[in-house]
Amino acid sequence: MSPASEPPRPPRAERFGRSMRLRSGAEFDAVFAAKQRSRSGPLLVFGRPNGGPLSRLGLSVGRAVGGSVDRHRLKRLLREAFRTTRTDLPRGFDLLVVIRPHAFLRLEEYRDHLRRAAAGVARAWSRATPDAPSPPERSP
RNA sequence: GACGCUAGACAGGCGACCGCGUCCGGAUCACUCCGGCCGAGGAAAGUCCGAACACGAAAGGACGACGGUGGUGGGUAACGCCCACCGACCCCGCUGCGGGUCAGGGACAGUGCCACAGAGAACAGACCGCCUCCGCUUCGGCGGCGGCAAGGGUGAAACGGUGCGGUAAGAGCGCACCGCCCGGACGGCGACGCCCGGGGCACGGCAAACCCCACCGCGUGCAAGCGCAAGCAGCCCCUCGGAACGACCUUGGCUUCCAAGAGCGUUCCUCACCGCGGUCCGCGGGACAUGGGCGGGUCGCGUGCUAGAGGGCGUCGGCAACGGCGCCCCGAGAGAAAUGGUCGCCACGGGAUCGCCUCGGCGGUCCCCGCACAGGAUUCGGCUUACGUCUAGCGGCAGCA
RNA sequence: UGGGGAUUGGUGUAACGGUAGCACGACUGGCUCUGAACCAGUUAGUCCAAGUUCGAAUCUUGGAUCCCCAG
């Protein structure tokens with residue numbers, strides 16, 4: 001494959017690059033400040049429309065959840081769950097997943113919880129702003 | 001066989017697919033895409049020590065305060081670490097060139113504490129006792145003047161121990177051995193060991209009690225710091241000497257000039273004042289601000305940032321820790337923070353089951369279960385703690401032969 | 001990541017190196033027709049492990065847990 005002849009392509013379905021992550025404290029604060037959230041199992045998901053075509057993921061794992069190894073393992077599992085279910089999730093949302101202390105589950109279960117909670121957040125937004133069926137673009 | 005001490009090794013492996021991070025090359029509007037290299041630990045941990053590095057006005061010297069360390073010698077960049085040795089204590093039908101443990105300076109510099117029990121607990125003391133003598137006697141003893149501290153008893157600890165002599169009974173009162181103290185010789189760099197002589201014994205324990213002695217240590221820590229960009233708003237308090245020059249102003253005079261005075265500007269000085277760790281020296285700033293107290297702004301990017309007191313092998317020196325020399329090797333540098341997921345096979349541990357069978361193991365099958373402790377964040381050297389195995393050496397113990 | 005502090009019954013707190021107290025609570029009994037109050041009694045603790053000491057909640061070392069601060 002010669003790169004020069006290939007035109008640049010958009011990100012494929014199961015990628016997980018920088019454009020799909022929350023990357024600063026300000027972005028995290030904005031999502032928290034929107035105060036729209038939904039819970040499923042050990043996952044508490046905050047959400048806020050970001051005006052773009054892609055949804056972005058942020059993770060918050062407190063020290064009560066476990067040691068460094070456990071916390072990083074959970075973040076990897078949640079990233080994997082986000083990566084593989086991205087097409088099923090609502091588009092154009094910043095999703096902030098807070099993981100609460102619990103007995104650890106398997107990847108499928110985290111995937112289900114993530115899907116359910118993210119859908120809940122999207123419903124909450126459509127209720128809060130009935131005029132805009134699609135995610136509104138505004139800054140608080 | 002389990003255990004103790006010591007030393008070393010590993011930290012499941014292979015494959016497929018989907019992914020992640022830095023860097024390099026290329027494409028691109030892009031935080032995207034393509035390709036390539038590399039990508040967690042023995043403890044990365046706790047942050048308990050030691051350093052490198054950085055800033056604090058040179059963070060320079062002396063003293064003090066505070067903190068730390070504590071047998072000796074060596075190793076090291078350094079250490080509270082490591083090695084060797086010494087000493088004390090413990091273990092042994094093996095008594096050794098044995099094994100184990102030790103925060104192991106000083107208790108005649110001073111202060112303090114030693115509860116309860118006990119007669120007496122620190123220049124000690126006499127409860128039960130022992131003994132001479134005197135008196136009484138119901139002949140069992142009782143009382144008294146004295147002598148004594150061996151035995152009993154209390155205690156964690158009772159003012160040298162054991163034995164013999166000695167004595168009314170006793171006592172280092174005398175002697176022997178041991179211990180202790182003092183002096184000396186020899187061996188050792190030294191801690192110390194060993195020997196000789198002297199002294200009848202005075203000198204309890206606790207310094208992980210205060211303390212004394214010796215040695216070491218400035219503070220803060222990569223969120224240190226340096227640079228770039230962006231951005232705002234300053235105010236109050238304390239203090240305010242001198243010299244030269246300059247222009248201006250006021251007053252006076254013998255009016256192109258001179259003298260005095262108030263403030264201003266520039267430069268300089270040091271003695272106020274301030275800073276450099278509490279003081280001093282020394283140094284710096286300096287009549288400005290610093291400083292003290294409020295208030296406001298930013299919180300982005302780059303750098304520090306990873307090759308180092310680095311590892312491996314060989315050789316030489318050394319008992320060893322370690323060091324010299326030669327050759328070879330290169331190992332994450334993120335920034336809401338990278339190693340993951342799924343599947344297959346194998347390995348390991350456990351379970352179930354079948355077979356063999358020397359009754360304790362071996363082999364097969366199943367797939368249900370498990371596969372420790374744990375994840376870089378400036379970097380090294382240690383210590384400590386957590387934890388799954390394997391191997392070797394030494395040691396005593398238990399069982400069997 | 002770095003720095004600082006704390007830990008004593010269920011809770012809040014005392015204790016020169018010498019017997020672990022106090023208050024509230026809980027439980028039992030009494031008083032009352034019943035309950036409260038009151039009275040009497042009981043329960044239960046030094047975060048863990050080593051060490052120093054005759055003796056440790058206290059001193060030393062290591063560990064655990066929790067809290068706070070910088071950012």
Let me confirm one number: the [atom1]-[atom2] distance from [X] to [Y], rounded to the nearest 0.5 Å.
| X | Y | atom1 | atom2 | value |
| --- | --- | --- | --- | --- |
| A/Phe82 | A/Leu95 | CZ | CG | 6.5 Å |
| A/Leu54 | A/Arg86 | CG | CZ | 6.0 Å |
| A/Leu43 | A/His102 | CG | NE2 | 7.0 Å |
| A/Leu78 | A/Ser60 | CG | OG | 11.0 Å |
| A/Arg56 | A/Arg48 | CZ | CZ | 9.0 Å |
| A/Leu114 | A/Asp88 | CG | CG | 10.0 Å |

Can you tell me how far [atom2] of [N] sits from [atom1] of [X], to the nearest Å?
| X | N | atom1 | atom2 | answer |
| --- | --- | --- | --- | --- |
| A/Tyr110 | B/rG341 | OH | P | 12 Å |
| A/Arg76 | B/rG340 | CZ | P | 6 Å |
| A/His72 | B/rA377 | NE2 | P | 10 Å |
| A/Arg56 | B/rA30 | CZ | C1' | 14 Å |
| A/Leu54 | B/rC33 | CG | C1' | 14 Å |
| A/Glu27 | B/rA337 | CD | C1' | 14 Å |
| A/Leu74 | B/rG375 | CG | P | 14 Å |
| A/Lys75 | B/rG335 | NZ | P | 13 Å |

Take A/Val69 and A/Glu108, find for each the nucleotide of RNA chain B with the closest heavy atom, and name the residue whose nucleotide sits nearer the 5' end.
A/Glu108
Partner nucleotide of [N] by Watson-Crick or wobble geometry (both distances under 3.5 Å):
| N | answer |
| --- | --- |
| B/rG370 | B/rC348 |
| B/rC264 | B/rG246 |
| B/rG252 | B/rC258 |
| B/rG360 | none |
| B/rU28 | none |
| B/rG340 | B/rC18 |
| B/rG395 | B/rC3 |
| B/rA54 | B/rU220 |

Is the distance from OP1 or OP2 of B/rG340 to the nearest side-chain N or O of A/Thr84 less than 4.0 Å?
no
For B/rG341 and A/Arg73 - does any side-chain N or O of the residue sit under 4.0 Å from the phosphate oxygens OP1/OP2?
yes
Roughly how many Å apart are [M] and [N], using the [atom1] atom of each and rounding to a whole number?
| N | M | atom1 | result |
| --- | --- | --- | --- |
| B/rC240 | B/rU256 | C1' | 40 Å |
| B/rC203 | B/rC159 | C1' | 10 Å |
| B/rA158 | B/rA209 | P | 23 Å |
| B/rA208 | B/rG70 | C1' | 13 Å |
| B/rA43 | B/rC48 | C1' | 16 Å |
| B/rC89 | B/rA126 | C1' | 37 Å |
| B/rG104 | B/rA88 | C1' | 8 Å |
| B/rA7 | B/rC380 | P | 24 Å |

Syn/anti state for [N] [syn: chi within 90° of 0]:
| N | result |
| --- | --- |
| B/rG42 | syn |
| B/rU256 | syn |
| B/rG140 | syn |
| B/rA243 | anti |
| B/rG35 | anti |

So if I take every side-chain heavy atom of [X] and compare against [options], which nucleotide ends up nearest?
| X | options | value |
| --- | --- | --- |
| A/Arg79 | B/rG376, B/rA337, B/rC31 | B/rA337 |
| A/Leu107 | B/rG376, B/rU32, B/rG341 | B/rG341 |
| A/Ser68 | B/rG340, B/rA336, B/rG376 | B/rG376 |
| A/Ser19 | B/rC31, B/rA338, B/rG340 | B/rC31 |

Does A/Val97 belong to the same Ile/Leu/Val/Met/Phe/Trp/Tyr cluster as A/Leu44, with side-chain heavy atoms less than 4.5 Å apart forming each link?
no
State whether the side chain of A/Trp125 and the backbone N or O of A/Gly47 hold a donor-acceptor pair below 3.5 Å, judged by distance alone.
yes
Is it the case that the side chain of A/Ser55 and the backbone of A/Asp94 share a donor-acceptor pair, with hydrogens and angles ignored and the cut-off at 3.5 Å?
no
Those residues that, when tested against A/Asp112, pass salt bridge (charged side-chain N to carboxylate O under 4.0 Å, His left out) (two or more places apart):
A/Arg115
Residue from A/Ile99, A/Leu77, A/Thr85 passing side chain to side chain contact (heavy atoms under 4.5 Å, CB included) with A/Tyr110
A/Leu77
Polar pair under 3.5 Å, donor/acceptor by atom type, side chain A/Arg21, base B/rC31
no
Under 4.0 angstrom, heavy atoms only, what part of the nucleic acid is A/Phe16 near: base, sugar-phosphate, or nothing?
sugar-phosphate
What dot-bracket string describes RNA chain C from 5' to 3', counting Watson-Crick and G-U wobble pairs whose defining distances are under 3.5 Å, with [ ] for crossing pairs and | for pairs to another strand?
(((((((..((((....[..)))).(((((.......)))))....(((((..]....)))))))))))).
